[in-house]
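One structure is given here, and the rest of the page talks about it.
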Amino acid sequence: MNGKELVAQLRALGVRGGGVLLVHTSFRAVRPVDGGPLALIAALREALGADGTLVMPTMTDGESPFDPAATPTSQMGITAELFWRQPGVVRSGHPGGSFAAAGPRAAEICAPQPLTPPHGPDSPVGRVHALGGQVLLLGVGHSEDTTLHLAEALAAVPYFVSHPCVVVVDGAPRTVAIAETDHCCRRFALVDGWLRAAGLQREGKVGRADARLAETRDIVRVAVEHLRADPLLFLCPAGEACEECDAARASVAP
Ligand SMILES: [Zn+2]
């Protein structure tokens with residue numbers, strides 16, 4: 001697959017020129033691509049055009065003080081890891097939940113944010129939502145879709161789990177607990193069915209990967225509707241021995 005073919009696939013899928021696009025990707029699923037992950041990044045930018053803004057998660061393990069110009073990503077994949085290192089790409093400052101962006105809205109999307117929640121309305125994903133962006137899942141499913149944590153924040157779900165994260169306070173590193181709506185995220189996959197039933201998800205191939213594309217506002221609206229009916233819907237049922245979801249469940253006040 002070459003870059004030109006990737007651009008054609010991205011456009012056929014419905015990537016909007018001039019828009020804001022948040023991409024979660026597994027390059028292993030997309031390859032082979034002539035030129036590797038950098039050619040995929042170039043194809044995404046070309047599909048968006050000069051007026052479009054490309055956004056990727058660049059989250060880190062929180063084990064050392066975060067430096068947006070140096071700290072490597074943790075479990076975000078090679079594409080995101082190479083993306084934030086490209087010239088002109090802006091990276092946000094959250095010590096665990098940073099994002100990188102390139103394009104005219106990049107600085108606005110990566111502006112400072114509160115520590116908690118990492119993915120609330122005042123965060124990069126919240127700003128992509130406010131700007132009417134799209135979410136593209138390349139070779140990954142909605143279990144990797146951070147925008148669903150925004151939906152949890154907007155629906156005010158009752159679970160919060162705290163994770164230790166090193167932050168710099170008055171020039172000295174200090175470990176703080178950052179509360180987030182964390183769990184195993186496997187049940188985020190339910191969103192596939194909701195979006196498909198409503199005709200709100202485009203699906204196709206990009207490279208060899210299964211690709212899903214949806215409007216951020218559709219994802220959030222549909223998820224918030226379901227969470228209002230059942231705020232614990234995204235947690236594995238008690239008794240399924242999912243440690244992460246059990247911890248989230250245990251955090252709910254009786
Ligand atoms: Zn679970």
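Whatever order the structure lists ligands and atoms in, that order sets their numbers, starting from 1.
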Problem - Electrostatic pair Arg127:Asp122 at N-O distance under 4.0 angstrom - result: yes
Exercise for the section: Could you tell me whether Glu46 and Lys4 make a salt bridge, using a distance below 4.0 angstrom between a side-chain N and a carboxylate O? Expected result: no
Problem - Note, Tyr159 side chain near Thr181 side chain (heavy atom, < 4.5 Å) - result: yes
Exercise for the section: Indicate the ring-plane relationship of Phe234 and His183, choosing parallel, tilted or perpendicular according to the 30° and 60° boundaries. Expected result: parallel
Fill in the blank from the handout: At a cut-off of 2.8 Å, protein N/O/S around the Zn ion (ligand 1) gives Cys184 SG, Cys236 SG, Cys242 SG, Cys245 SG
Handout entry: Listed partners of Arg202 passing salt bridge (Lys or Arg N to Asp or Glu O under 4.0 Å), at least two apart
Key = none
Practice task
Consider only side-chain heavy atoms of I, L, V, M, F, W and Y, link residues closer than 4.5 Å, and tell whether Leu13 and Met1 are in one cluster.
Solution key: yes
